[in-house]
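Sequence positions, counted from 1, serve as the residue numbers for this chain. Model, not experiment: these values are computed from the prediction.
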Amino acid sequence: MSQRPIGVVGAGTMGQGIAQVLATSGFPVRLYDMAEDALERARGAIDKGLGKLVAKEKMSEGDRDAALERLAATTALEDLADCAVVIEAAPEQPELKERLFRDLSRLSEDAILASNTSSLSLTRLAAVAERPERVVGMHFFNPVPVLKLVEVIRAEQTSDDTVARIEALAEALGKTAVRVGDSPGFAVNRLLVPMINEAAFLVQEGAATPEAVDRAMKLGAAHPMGPLALADLIGLDVCLAIMEVLQEGFGDPKYRPCPLLRRMVDAGYLGRKSGRGFHAYS
């Protein structure tokens, strides 16, 4: 697999991290995005991330240069036609992801199409692909270079060989693969995001400030980061989208998104990426 490039679709935060990990693990990478400026930002972010590893003496300058040489950026989806695996890391918009999977499945007969979706149905994505047995979930966590977990989600159509190859790829990246069924939110987000949503309800009701909620969970539950600071890191728009998927998928009122969370997203207060969420960032 390492002799053929691996494609990454989407040059946002997750796409950048996935591309960086692939390149530093010895894989040739094709990073695709529709926007040239997004690719330029991604290249700069990856260069900066590798520079930090060099500064901390966790990587040599020669290894950094070699990793950057393995990274190619493109605005042409056709450039992914010879990839062994294509990892989709586009925004959590079902119609967008379905269109991408429909188009990607026409480029290659043998490529595995993996989605980094945090909550959407892999069975639904596989249904639009020409070879649905080659569609699988490969859910990384932010920041990708740091966190070791990869949820491997099997659609109803996914073959045993596809799951085995993606687990092998995760291992080659120094990650730990955990198999999860194709259920809304999978495992981590089904547990984590409702907790974030409940923390937002505490703030909305005036029961506690964001600072108090985060401090309480860090000191009382030994969490390394409070739930609302974590929501800001994830992106409040992403958290809201996951809650909406959970609510629609299960039809259970316990997954009702907090109105405060929805208002903050409407206001553009998305967390770290916008400079303001439950906390302020300079």
Side-chain angles (χ1 to χ4, degrees), residues 1-33 39 42-43 45-54 56-74 79-80 82-90 104 108 110-118 122 125 134-155 158-180 186-189 233-234:
M1 187 182 291
S2 62
Q3 301 305 311
R4 294 173 60 187
I6 294 180
V8 179
V9 174
T13 300
M14 295 304 293
Q16 294 168 14
I18 294 168
Q20 176 178 322
V21 170
L22 286 165
T24 55
S25 300
F27 293 93
V29 183
R30 303 260 177 87
L31 178 60
Y32 164 84
D33 199 283
L39 293 171
R43 182 94 182 185
I46 293 170
D47 194 8
K48 182 178 180 180
L50 296 180
K52 289 181 179 179
L53 295 177
V54 172
K56 295 178 181 179
E57 299 184 346
K58 295 183 177 180
M59 171 182 280
S60 70
E61 292 187 2
D63 287 341
R64 175 197 61 192
D65 294 341
L68 290 173
E69 287 178 5
R70 286 190 284 268
L71 177 64
T74 180
D79 288 341
L80 307 184
D82 62 338
C83 291
V85 177
V86 177
I87 303 171
E88 171 271 313
L104 288 166
S108 171
D110 65 344
I112 290 176
L113 304 182
S115 178
N116 182 59
T117 180
S118 57
L122 268 301
L125 289 177
R134 293 183 175 273
V135 173
V136 67
M138 193 178 190
H139 182 210
F140 293 83
F141 290 79
N142 186 35
V144 178
V146 176
L147 297 183
K148 296 296 185 181
L149 175 64
V150 173
E151 286 182 319
V152 177
I153 302 98
R154 182 175 194 146
T158 309
S159 69
D160 291 341
D161 178 67
T162 296
V163 171
R165 289 177 64 189
I166 288 301
E167 288 179 333
L169 175 58
E171 182 178 348
L173 300 179
K175 304 298 185 184
T176 298
V178 174
R179 293 191 189 188
V180 183
F186 314 131
V188 172
N189 282 335
L233 177 62
I234 294 169

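Heavy-atom minimum distance, Val180 versus Ala187: CG1-N, 3.7 Å. The heavy-atom pair separating Arg4 from Asp110 by the smallest distance is NH1-OD2, 3.1 Å. The shortest heavy-atom contact between Gly7 and Cys83 is N-SG, 3.5 Å. Between Ala42 and Leu31, the shortest heavy-atom distance links the atoms CB-CD2, 3.8 Å.
Atom CG of residue Leu39 and atom OG1 of residue Thr74 lie 7.5 Å apart, to the nearest 0.5 angstrom. Rounding to the nearest 0.5 Å places CG of Leu80 at 11.5 Å from CD1 of Ile87. Taking CD1 of Ile234 as the start and OG1 of Thr13 as the end, the distance is 12.0 Å to the nearest 0.5 Å. Separation of atoms CG (Leu50) and CE (Met59) is listed at 5.0 Å; rounding is to 0.5 Å. To the nearest 0.5 Å, atom CG of residue Asp65 and atom CG of residue Asp47 are 9.0 Å apart.
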- Task: For side chain to side chain contact (heavy atoms under 4.5 Å, CB included), just list the numbers for Gln20 and Val144, CA-CA rounded to whole Å, side-chain angles, deciding distance to a tenth of an Å, and then say yes or no.
- Result: CA-CA 9 Å; Gln20 176 178 322; Val144 178; over 6 Å; no

- Task: Please report the C-alpha distance between Phe27 and Leu169 in whole Å, then the side-chain angles of each, then the deciding distance to 0.1 Å, and finally whether the side chain to side chain contact (heavy atoms under 4.5 Å, CB included) criterion is met.
- Result: CA-CA 10 Å; Phe27 293 93; Leu169 175 58; 3.7 Å; yes

- Query: Where do Lys48 and Gln16 land on the side chain to side chain contact (heavy atoms under 4.5 Å, CB included) test, with the steps shown first?
  - Reply: CA-CA 11 Å; Lys48 182 178 180 180; Gln16 294 168 14; over 6 Å; no

- Message: Could you walk me through whether Met138 and Ile18 satisfy the side chain to side chain contact (heavy atoms under 4.5 Å, CB included) test, starting with their C-alpha distance in whole Å, then the side-chain angles of each, then the deciding distance to 0.1 Å, before giving a yes or no?
- Response: CA-CA 11 Å; Met138 193 178 190; Ile18 294 168; over 6 Å; no

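By the 4.5 Å heavy-atom criterion applied to side chains, Arg134 and Ser159 are not counted as neighbours. Residues Phe186 and Leu122 have side chains in contact (heavy-atom distance under 4.5 Å, counting atoms from C-beta outward). Counting heavy atoms from C-beta outward, Arg43 and Leu68 have side chains that approach closer than 4.5 Å. Side-chain contact between Leu113 and Glu88 is absent, with no heavy-atom pair separated by less than 4.5 Å. Two residues are said to be in side-chain contact when any heavy atoms from C-beta on lie closer than 4.5 Å; Val188 and Leu149 meet this criterion. Residues Phe140 and Leu173 have side chains in contact (heavy-atom distance under 4.5 Å, counting atoms from C-beta outward). Side-chain atoms of Val8 and Asn116, non-hydrogen and from C-beta on, never get closer than 4.5 Å to each other. Contact check for Asp82 versus Arg30: side-chain heavy atoms found under the 4.5 Å cut-off.
With Ser115 contributing its side chain and Gly137 its backbone, the two residues share no donor-acceptor pair below 3.5 Å. At distances below 3.5 Å, at least one donor-acceptor pair connects side-chain atoms of Lys175 with backbone N or O atoms of Leu147.
Using a cut-off of 4.0 Å between Lys/Arg side-chain N and Asp/Glu carboxylate O, Lys58 and Asp63 are scored as not salt-bridged.
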